[in-house]
Peer 1: 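Let me give you the structure first, and then I'll get to my questions.
A quick note: this is a predicted structure, and the numbers were derived from the prediction, not measured. Scope of the values below: all heavy atoms of this structure, side chains included, with no hydrogens, waters or symmetry mates.
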Amino acid sequence: RSYSVTGVQTCALPIYHTSRVICGKGQRKGEKMIIANKGTYLPNLEDKRKFGLDLSGNQGNINFELMKNPIGFPKIDFVACRTGISWAYKDAWFETYWQKLLQMKVTRLAYHVLYCGESIKSQVENMASRFPGGKFDGDAVVNDLELHHNLDRKKISEACYEFTNRLQDWAKKPAIIYSRFGWVESYMDITTSKYIDWYAKQLWWMANYYGKNWLGQPILAEYPTSSMYIPDSLRYFDVIIHQNGEKGDGKKVGTVSNQVDTNRWTQSNERYEALFGKPVIVVPEEPSIPFYTLEEKVDKLWAVHPEIHS
């Protein structure tokens, strides 16, 4: 199968923009210019793809009123929250974030960091324990796969396989795998048919963002999806979300942390709605009023009033 994503080229320099204009182009008279805080960037407002954040306890006591109407950011469509790590660690801010995001009416993803060498069953139970009665109430679960702990490729691949499947069985919602192409290429089994066939059926959320320029300075901007690094051997992966940066201006969206990860949906809006679902609003039909000719009206009156027959 072929792999493609729809990408919009972003600016390769720090972004300074108004609520309508990016990179200083076409600024309108009277508009206040919004400038990213030092060491951060503002997302490209000309990129109309769905936009999302991912949060953990590192973001602290978030101002969700600001997150509803962020400064210099696109509308936030989806947010992923960390439930915990492995079989014991629980993110202290998860419950607060999860309930506040429900009030924001955004798509909610819950992610859990996998330790491939530990009990998969215990790690699923740890994640399930974050939800009342162990019942998942979000839109998707995420296997956060980025730690190898010097395990071999088969062990890591089998752990990913089992954890993802168990999460989906428990949550009864889509399961997504978060990772990086370079990490998958370096640490996972990408030659055995069992795993290749399974990888092809999975939904992937891939991180790929700017590092530093030739002067050693960080490049502060979203990384363009069209330039994402994809090894030839993994072009069949179905990538639905691109984590395109880790230095978004957190203060503009209400986080205590100076920086926040930014993400873009890579597929069509129709696929987004099909995957995560949307409420179906049933509008009752107006009762139809039949049309009768004068002759038909006389016939009906005649039929229901026998007293006038004589």
Side-chain angles (χ1 to χ4, degrees), residues 5-6 43 48-57 59 62 64 67-68 70 73-85 90-91 93-114 123-145 160 163-179 201-207 225 237-244 248 253-255 260-282:
V5 294
T6 56
K48 300 305 181 183
R49 294 176 298 167
K50 291 186 179 295
F51 178 82
L53 305 174
D54 55 276
L55 309 174
S56 71
Q59 273 63 62
I62 295 172
F64 282 93
M67 187 168 283
K68 288 179 185 177
F73 270 63
K75 171 182 173 291
I76 298 171
D77 300 292
F78 60 94
V79 181
C81 294
R82 188 179 69 182
T83 57
I85 302 172
K90 302 179 189 298
D91 195 303
W93 282 100
F94 173 74
E95 286 90 349
T96 300
Y97 293 172
W98 197 246
Q99 291 307 310
K100 291 292 187 181
L101 292 170
L102 177 63
Q103 296 170 17
M104 279 181 60
K105 299 181 180 180
V106 297
T107 299
R108 295 182 301 166
L109 288 64
Y111 74 93
H112 197 87
V113 180
L114 174 64
Q123 294 183 76
V124 174
E125 290 173 349
N126 186 22
M127 184 173 188
S129 71
R130 309 314 310 275
F131 302 89
K135 185 176 180 180
F136 184 66
D137 63 348
D139 299 293
V141 288
V142 180
N143 169 7
D144 186 327
L145 182 67
C160 175
F163 188 57
T164 306
N165 287 338
R166 280 178 176 259
L167 286 183
Q168 191 162 29
D169 290 344
W170 159 66
K172 304 296 189 294
K173 288 294 180 74
I176 303 168
I177 305 170
Y178 168 87
S179 195
K201 297 175 183 177
Q202 302 313 299
L203 304 172
W204 295 85
W205 170 9
M206 288 302 197
T225 299
F237 274 35
D238 185 9
V239 179
I240 61 171
I241 300 174
H242 174 199
Q243 186 183 77
N244 60 9
V253 293
T255 67
V260 67
D261 296 339
T262 59
N263 302 270
R264 294 285 183 173
W265 176 254
T266 69
Q267 307 296 313
S268 67
N269 288 344
E270 290 75 16
R271 188 173 180 194
Y272 183 94
E273 301 296 351
L275 182 64
F276 300 122
K278 59 181 179 180
V280 178
I281 301 174
V282 179

Peer 1: Find the distance between SG (Cys160) and CD1 (Ile177) and round it off to the nearest 0.5 Å.
Peer 2: 4.0 Å
Peer 1: Could you go through the side-chain contact (heavy atoms from CB on, under 4.5 Å) check for Leu102 and Lys105 one step at a time?
Peer 2: CA-CA 5 Å; Leu102 177 63; Lys105 299 181 180 180; over 6 Å; no
Peer 1: Would you call Arg271 and Asp238 a salt bridge, taking side-chain N to carboxylate O under 4.0 Å as the test?
Peer 2: yes
Peer 1: Run the side chain to side chain donor-acceptor pair (under 3.5 Å) check on Thr262 and Asn244 step by step: do they pass?
Peer 2: CA-CA 6 Å; Thr262 59; Asn244 60 9; 2.7 Å; yes
Peer 1: Under 4.5 Å between any side-chain heavy atoms of Val113 and Leu145, yes or no?
Peer 2: no
Peer 1: Looking at CD1 of Ile176 and CG of Asn143, how far apart are the two atoms once the value is rounded to the nearest 0.5 Å?
Peer 2: 11.0 Å
Peer 1: Ignoring hydrogens and geometry, is there a side-chain-to-backbone donor-acceptor pair from Glu273 to Ser268 under 3.5 Å?
Peer 2: no
Peer 1: Atom CE in Met67, atom CG in Leu101: separation rounded to 0.5 Å?
Peer 2: 7.0 Å
Peer 1: Within a 6.0 Å radius of atom NZ on Lys173, are there more than 12 heavy atoms belonging to other residues, nucleotides or ligands?
Peer 2: yes
Peer 1: Taking all heavy atoms of Gln168 and all of Pro174, pick out the closest pair and write down the distance.
Peer 2: NE2-CA, 4.0 Å
Peer 1: Measure the CG-OG1 distance between Asp144 and Thr83 for me, rounded to the nearest 0.5 Å.
Peer 2: 9.5 Å
Peer 1: Check whether any side-chain N or O of Arg130 sits under 3.5 Å from a backbone N or O of Asp91 as a donor-acceptor pair, and report yes or no.
Peer 2: yes
Peer 1: Please report the C-alpha distance between Ile240 and Trp265 in whole Å, then the side-chain angles of each, then the deciding distance to 0.1 Å, and finally whether the side-chain contact (heavy atoms from CB on, under 4.5 Å) criterion is met.
Peer 2: CA-CA 6 Å; Ile240 61 171; Trp265 176 254; 3.6 Å; yes
Peer 1: Please find the pair of heavy atoms, one from Gln267 and one from Val239, that lie closest to each other, and give the distance.
Peer 2: NE2-O, 2.9 Å
Peer 1: Could you check whether any side-chain N or O of Gln59 sits under 3.5 Å from a backbone N or O of Ser56, counting only pairs where one atom can act as donor and the other as acceptor?
Peer 2: yes
Peer 1: Within this structure, what is the CG-NE2 distance for the pair Leu167 and His112, rounded to the nearest 0.5 Å?
Peer 2: 8.5 Å
Peer 1: Give the intermediate values and the outcome of side chain to side chain donor-acceptor pair (under 3.5 Å) for residues His242 and Thr266.
Peer 2: CA-CA 7 Å; His242 174 199; Thr266 69; over 6 Å; no
Peer 1: Is there side-chain contact between Asp54 and Val79, with heavy atoms separated by less than 4.5 Å?
Peer 2: no
Peer 1: Decide side-chain contact (heavy atoms from CB on, under 4.5 Å) for Val260 and Leu55; before the verdict, give the C-alpha distance in whole Å, the side-chain angles of both, and the deciding distance to 0.1 Å.
Peer 2: CA-CA 8 Å; Val260 67; Leu55 309 174; 4.2 Å; yes
Peer 1: Quick one, Ile85 and Lys90 - any side-chain contact, counting heavy atoms below 4.5 Å?
Peer 2: no
Peer 1: Among all residues two or more places apart in sequence or in another chain, which pass the ring-ring contact (aromatic ring centres under 6.0 Å, His included) test with Phe131?
Peer 2: Phe94, Trp98, Phe136, Trp170
Peer 1: Between Lys75 and Asp77, does any NZ, NE, NH1 or NH2 come within less than 4.0 Å of an OD or OE carboxylate oxygen?
Peer 2: yes
Peer 1: Angle class for the Tyr111/Trp205 ring planes (parallel below 30°, perpendicular above 60°, tilted otherwise)?
Peer 2: perpendicular
Peer 1: For Pro43 and Arg264, work out which heavy atoms get closest and say how close.
Peer 2: CB-NH2, 3.8 Å
Peer 1: To the nearest 0.5 Å, how far apart are CG in Asn263 and CZ in Phe78?
Peer 2: 5.0 Å
Peer 1: Given Arg49 and Thr225, is the side-chain contact (heavy atoms from CB on, under 4.5 Å) satisfied, shown in steps?
Peer 2: CA-CA 11 Å; Arg49 294 176 298 167; Thr225 299; 2.9 Å; yes
Peer 1: Are Ser179 and Met206 close enough that some pair of their side-chain heavy atoms sits under 4.5 Å apart?
Peer 2: yes
Peer 1: Please verify the inter-ring angle class for Trp93 with Tyr97; under 30° counts as parallel, over 60° as perpendicular, anything in between as tilted.
Peer 2: parallel
